[in-house]
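Worth saying up front: this structure is predicted, and the values here are computed from it rather than measured. So that the names make sense, note that chain A is the first sequence line, chain B the second, and so on, each numbered from 1.
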There are 2 protein chains.
Amino acid sequence: MSRDSRLARMAHVLVHMACNHGAATSDVIARMLSTNPVVVRRTMAGLRDRGIVTSEKGPRGGWRLTRPLEELTLLDVHRALETVSVFTIGPTADHPECPVEHLANQAIVGALAQAGTALEAALAQVRLSDILAEGQALRAARDADGPHVCPNTARGAWS
Amino acid sequence: MSRDSRLARMAHVLVHMACNHGAATSDVIARMLSTNPVVVRRTMAGLRDRGIVTSEKGPRGGWRLTRPLEELTLLDVHRALETVSVFTIGPTADHPECPVEHLANQAIVGALAQAGTALEAALAQVRLSDILAEGQALRAARDADGPHVCPNTARGAWS
DNA sequence: TTGAATCGTAACAGTGAAAGTTACGAACAA
DNA sequence: TTGTTCGTAACTTTCACTGTTACGATTCAA
């Protein structure tokens with residue numbers, strides 16, 4: 001699972017988890033994401049530390065949501081993933097004594113801060129329940145069989 | 001020169017270039033940035049393609065600014081560097097047919113677009129001439145010898 | 001015309017961060 | 001007790017990017 005797609009993939013997983021009874025094992029999630037159970041555990045650990053999910057060991061164990069999707073935004077998930085930096089660009093530190101470098105750094109850091117604020121504001125406006133509801137609507141409109149309880153999981157399949 | 005610091009470093013270089021007579025060779029710039037002349041050429045090539053600098057071969061050749069710093073913003077430099085993506089996060093493409101994934105992607109791409117717009121707006125407001133002027137002011141206030149023509153380049157040194 | 005300086009660029013090596021993998025211990029339920 | 005599942009350390013693999021080498025093309029000056 002590439003680092004830059006963790007937010008999208010975890011959001012996807014959480015929505016489907018809300019539609020399925022019982023816990024989702026790391027193994028099942030890993031197959032859904034074409035990756036390894038250990039990678040799933042590493043990633044989900046951040047969500048657990050933030051109180052978004054809980055984990056249980058042993059048979060019938062796995063991962064469970066702790067709250068309804070109405071109380072979860074993309075920003076919550078994003079923060080739980082503890083991305084080191086959202087940006088690929090940043091300041092430099094070659095000539096700490098040079099006022100030119102210092103001012104250039106300052107301008108760049110300021111611009112990134114503004115962008116970061118805009119990003120968080122936008123992510124905070126998206127609840128996972130919105131994604132589920134719109135997904136169900138899309139599915140209902142598209143599917144001749146009528147609406148399912150959960151998109152793509154009518155027969156318990158994860159996709 | 002790490003990818004994420006190219007904007008800061010190139011802005012720094014351009015400001016100093018504006019203060020020095022003659023062309024700056026890739027070799028001199030490379031020493032300033034503690035990197036390799038080939039890396040400098042690769043990076044400056046983007047600025048040349050955007051018409052920000054010109055290059056000349058042969059003795060006394062090197063890199064020259066094509067316009068005054070008043071007509072150059074951080075956004076101009078940023079665009080010239082052709083950064084693949086400013087963000088470390090992005091959408092996924094695992095389940096193209098799943099409406100949940102599609103909507104999550106859409107929300108994330110939308111949030112990133114808003115952040116990108118904010119970033120570009122902030123970078124566009126910073127002219128390189130502002131950085132030079134403020135740098136000179138800082139230097140003058142700090143330096144007992146009084147103001148220099150160019151910060152850190154009183155004796156032609158690049159720093 | 002020759003030679004030094006300089007950019008242009010291809011090709012390859014080196015680096016580093018993150019994902020993927022293996023292995024094994026701990027907890028839990030039947 | 002046995003099988004399931006998470007927790008985590010340790011290692012390998014991968015990938016993108018920088019760094020490096022090499023060589024050709026161009027330009028200037030003697």
Side-chain angles (χ1 to χ4, degrees), chain A residues 1-10 13 17 20 22-50 52-66 81-90 92-94, chain B residues 1-10 13 17 20 22-50 52-66 81-90 92-94:
Chain A
M1 174 167 43
S2 75
R3 185 153 214 84
D4 74 343
S5 69
R6 289 185 309 158
L7 175 56
R9 287 179 168 184
M10 285 302 113
V13 166
M17 278 173 67
N20 285 284
T25 66
S26 303
D27 217 66
V28 167
I29 297 173
R31 278 198 291 272
M32 170 184 171
L33 300 179
S34 306
T35 184
N36 193 289
V38 176
V39 175
V40 171
R41 286 185 202 118
R42 281 207 285 246
T43 307
M44 297 290 281
L47 305 190
R48 184 191 54 220
D49 295 345
R50 281 271 179 167
I52 294 173
V53 298
T54 58
S55 59
E56 289 162 27
K57 296 176 178 176
R60 325 217 72 185
W63 304 90
R64 291 173 202 273
L65 281 165
T66 59
L81 292 174
E82 290 181 327
T83 302
V84 176
S85 174
V86 172
F87 300 104
T88 58
I89 67 177
T92 184
D94 265 359
Chain B
M1 174 166 42
S2 75
R3 185 155 214 81
D4 73 344
S5 69
R6 289 185 307 158
L7 175 56
R9 288 178 168 187
M10 286 299 113
V13 165
M17 280 174 66
N20 285 283
T25 66
S26 303
D27 217 66
V28 167
I29 297 172
R31 278 198 291 271
M32 170 183 172
L33 300 179
S34 306
T35 184
N36 192 288
V38 176
V39 176
V40 172
R41 286 184 203 120
R42 280 206 286 245
T43 308
M44 297 289 282
L47 306 191
R48 185 191 52 219
D49 295 345
R50 280 271 179 164
I52 294 174
V53 297
T54 57
S55 60
E56 289 162 28
K57 295 177 180 176
R60 326 217 71 182
W63 303 90
R64 292 173 202 273
L65 282 164
T66 60
L81 291 174
E82 290 180 328
T83 303
V84 176
S85 173
V86 172
F87 300 104
T88 58
I89 67 178
T92 184
D94 265 359

(message) Between dG7(D) and R48(A), counting only base atoms on the nucleotide and side-chain atoms on the residue, is there a donor-acceptor pair under 3.5 Å?
(response) no

(message) From CG of N36(B) over to P of dA13(C), roughly how many Å is that when rounded to an integer?
(response) 16 Å

(request) Could you tell me the separation between the CG atom of D49(A) and the P atom of dT8(D), rounded to a whole number of Å? (result) 9 Å

(message) Please give me the minimum heavy-atom distance between A30(B) and N36(B), naming the atom from each residue.
(response) CB-C, 3.6 Å

(message) So, does T25(B) get its side chain near the phosphate of dT6(C), meaning an N or O under 4.0 Å from OP1 or OP2?
(response) no

(message) Which residue in the set V39(B), V13(B), T43(B) passes side-chain contact (heavy atoms from CB on, under 4.5 Å) when paired with L33(B)?
(response) V13(B)

(message) Without decimals, in angstroms, what is the distance between R31(A) CZ and dT5(D) P?
(response) 10 Å

(request) Measure from CD1 on I89(A) to C1' on dA16(D) and round the result to the nearest Å. (result) 18 Å

(message) What is the separation between atom CG on L33(A) and atom P on dT21(C), rounded to the nearest whole Å?
(response) 13 Å

(request) Considering non-hydrogen atoms only, spot the tightest contact between R60(B) and E56(B) and give its length. (result) O-OE1, 4.4 Å

(request) Compute whether any side-chain donor of one residue and acceptor of the other, for T92(A) and R9(B), lie under 3.5 angstrom apart. (result) yes

(message) Quick check: on DNA chain C, is the nucleotide nearest R9(A) upstream (toward 5') of the one nearest S55(B), or the reverse? Name the residue that is more 5'.
(response) S55(B)

(message) Measure CZ/R42(A) against P/dT21(C) and give the value in whole Å, please.
(response) 11 Å

(message) Check this one for me: any side-chain N or O of R41(A) less than 4.0 Å away from OP1 or OP2 of dG7(D)?
(response) no

(request) Check whether any side-chain N or O of S26(B) sits under 4.0 Å from OP1 or OP2 of dC7(C), and answer yes or no. (result) yes

(request) Summarise how protein sits on nucleotides 25-30 of chain D as a single string, 5' to 3': B when a protein heavy atom is under 4.0 Å from the base, S for sugar-phosphate-only contact, - for no contact. (result) -BBB--

(message) If you compare all heavy atoms of A23(A) against all heavy atoms of G61(A), which two are closest, and at what distance to 0.1 Å?
(response) CB-O, 3.5 Å

(message) Between P on dG20(C) and CZ on R6(A), what's the gap in Å once rounded to a whole number?
(response) 11 Å

(message) Please report the distance, rounded to the nearest Å, between CE in M44(B) and P in dT6(C).
(response) 15 Å

(message) Starting the side chain at C-beta, find the nucleotide from dT22(C), dG8(C), dA18(C) nearest to W63(B).
(response) dG8(C)

